[in-house]
Amino acid sequence: MATRLGIGLPQNRQYDLGRDVPDVARAVERIGYDSVWVYERALFPEPATQGLYGMEGVPWPDSYRHVADPLVTLALAAAVTERVGLGTSVLVAPLHVPFQLARSLASLDAASGGRVIAGFGTGWSVDEYAATGIRPIKERGRVLDEVIDVCRAVWGPDPVRYDGRITKIESAVVGPKPARPIPILLAASTRRARERLVEHADGWLPVAAGGAERLASQWDAVRDLAAERGRQQPIRTVLRVNATYSAKAYDGAGRRPFQGNAAQIAEDLLAYAAIGLEEILIDVQGRMRDAEELKDVAAEVFGAARAAGV
């Protein structure tokens, strides 16, 4: 069976949010993509107090200077589509008030007829955490745990009750409810994060970095832990691929994975699809000039992927 394919929606500076998001969402649904996705960057510190992903000296990409709100972007896409899933990869959940986030996701799912995929991560930017004022970054794991618990409570039957460190709900009716149970996927790379995934989430949101063999090993670790903990439910998988598209084939000896024309990107996708993950999200928006180019490249990559057997 063919791997499901998703595409990143336009959120960056070169796009017109109100015009281009609906336009691209309609187009990629017609092309045949199974899902559309957004990511979250709350701000761009100047000067940077830490490098990209917390790595000293690594600059933040310029595209991070302007990233549209992920849930607003998904709402625009939901309004003009009927079939595609609406995913976050990822929403930095501890930057949000848990109760309000749970309600927003429930409303979006109800409005879209049950298409939301809630992909959560803990993030890494000390500046983003400082700006939110919810809890310090050192508590991000505990905050994510509470976000997940609050979502499950708010999305469940009334009356809703919850007693946590951030959220206190004595007894309340909370609506609307999601159209169906919203799947929660986590970007888990450490042992503790994998434990959270196996015990509390519906799926895994890895990133294609370090090669297909490394990802296969990580997937084995997730499944081994699930077996160890006696998990019976299947683990949904969506792989994020950040691709650098070129109209011409990249012929340099040092070509990185997912760098090059559509055929080269499709060739790299095939190696990851062989691992057995259910879905692959391809994000090419960063290097595109405008929405027209993004739509053209999305169609080209989709056709090349299917022709390659992905």
Side-chain angles (χ1 to χ4, degrees), residues 39-42 50-56 58 70 87-99 101-102 105 117-130 132-155 162-167 181-240 242 275-279 281:
Y39 73 104
E40 181 164 40
R41 279 273 69 84
Q50 64 180 154
L52 183 68
Y53 308 130
M55 297 184 294
E56 186 176 355
V58 180
T88 61
S89 177
V90 294
L91 202 69
V92 186
L95 300 183
H96 300 263
V97 176
F99 180 74
L101 178 59
L105 290 168
I117 307 158
F120 293 159
T122 55
W124 47 268
S125 169
V126 295
D127 295 282
E128 289 182 336
Y129 272 84
T132 65
I134 297 173
R135 300 300 301 172
I137 191 170
K138 65 182 180 181
E139 298 181 25
R140 61 191 182 274
R142 283 182 289 179
V143 177
L144 176 56
D145 288 335
E146 181 158 329
V147 168
I148 294 171
D149 290 344
V150 170
C151 283
R152 301 290 195 207
V154 167
W155 299 342
Y162 187 82
D163 184 12
R165 298 177 70 247
I166 302 169
T167 311
I182 298 174
I184 295 177
L185 281 63
L186 300 180
S189 57
T190 66
R191 168 77 183 193
R192 177 66 190 97
R194 288 195 292 269
E195 290 173 348
R196 179 182 292 113
L197 186 163
V198 167
E199 295 170 5
H200 301 295
D202 300 292
W204 184 40
L205 276 174
V207 177
E213 289 185 6
R214 179 184 178 188
L215 184 71
S217 177
Q218 292 173 338
W219 180 219
D220 287 342
V222 170
R223 289 184 292 183
D224 289 347
L225 182 60
E228 176 187 316
R229 298 296 172 89
R231 178 177 172 131
Q232 300 299 314
Q233 303 95 329
I235 296 175
R236 183 170 179 171
T237 52
V238 181
L239 173 69
R240 166 174 272 277
N242 297 314
I275 297 170
L277 305 182
E278 298 169 64
E279 188 164 352
L281 148 66

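Values below: all heavy atoms of this structure, side chains included; hydrogens, waters and symmetry mates excluded. The residues of the chain are indexed from 1 along the displayed sequence.
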Can you tell if the side chain of [X] reaches within under 4.5 Å of the side chain of [Y], non-hydrogen atoms only?
X: Ile235; Y: Leu197; result: yes
X: Phe120; Y: Leu101; result: yes
X: Arg236; Y: Ile117; result: yes
X: Trp124; Y: Leu52; result: yes
X: Arg135; Y: Arg165; result: yes
X: Ile275; Y: Leu239; result: no
X: Val92; Y: Tyr129; result: yes

Handout entry: More than 12 heavy atoms from other groups under 6.0 Å of CD on Glu56
Key =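 No - once you tally the heavy atoms of other residues, nucleotides and ligands closer than 6.0 Å, there are 12 at most.
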
With no hydrogens and no angle check, is any side-chain donor or acceptor of [X] less than 3.5 Å from a backbone partner on [Y]?
X: Thr88; Y: Gly119; answer: yes
X: Trp155; Y: Ala102; answer: yes
X: Glu278; Y: Thr237; answer: yes
X: Glu128; Y: Ala42; answer: yes

Starting at [atom1] of [X], measure out to [atom2] of [Y] and round the result to the nearest 0.5 Å.
X: Leu186; Y: Arg194; atom1: CG; atom2: CZ; answer: 12.5 Å
X: Leu144; Y: Asp149; atom1: CG; atom2: CG; answer: 9.5 Å
X: Tyr53; Y: Ser125; atom1: OH; atom2: OG; answer: 12.0 Å

Problem - For Pro98 against Ile166, the heavy-atom pair lying closest together - result: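 Nearest pair, atom of Pro98 first, then Ile166: CD-CG2, 4.0 Å.
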
Exercise for the section: Identify the heavy atoms of Ile134 and Pro94 that sit nearest to each other, and give their distance. Expected result: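 Here Ile134 and Pro94 meet closest at CD1-O, 3.8 Å.
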
Practice task
Using the side-chain contact (heavy atoms from CB on, under 4.5 Å) rule, take Val154 and Leu105 through it: C-alpha gap first, then chi angles, then the decisive distance, then the call.
Solution key: CA-CA 10 Å; Val154 167; Leu105 290 168; over 6 Å; no

Handout entry: Carboxylate-amine/guanidinium proximity below 4.0 Å for Asp145 and Arg192
Key =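 A salt bridge links Asp145 with Arg192.
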
Between side-chain atoms of residues 212-227 and protein atoms elsewhere (two or more places apart, or another chain), which donor-acceptor pairs fall under 3.5 Å?
unit_1: Asp220; atom_1: OD1; unit_2: Arg223; atom_2: NH2; d: 2.7

Exercise for the section: Would you mind listing every salt bridge (charged side-chain N to carboxylate O under 4.0 Å, His left out) that reaches into residues 199-209, with sequence neighbours excluded? Expected result: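 Applying salt bridge (charged side-chain N to carboxylate O under 4.0 Å, His left out) to every pair that reaches into residues 199-209, excluding sequence neighbours, yields Arg152-Asp202, Glu199-Arg229.
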
Practice task
Answer with yes or no whether the side chains of Glu146 and Thr167 bring together a donor and an acceptor at under 3.5 Å.
Solution key: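 Note: Thr167 and Glu146 side chains meet the donor-acceptor criterion.
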
Exercise for the section: Evaluate the side-chain contact (heavy atoms from CB on, under 4.5 Å) criterion for residues Val198 and Glu228: first the C-alpha distance (whole Å), next the side-chain angles of each, then the deciding distance (0.1 Å), finally the verdict. Expected result: CA-CA 10 Å; Val198 167; Glu228 176 187 316; over 6 Å; no

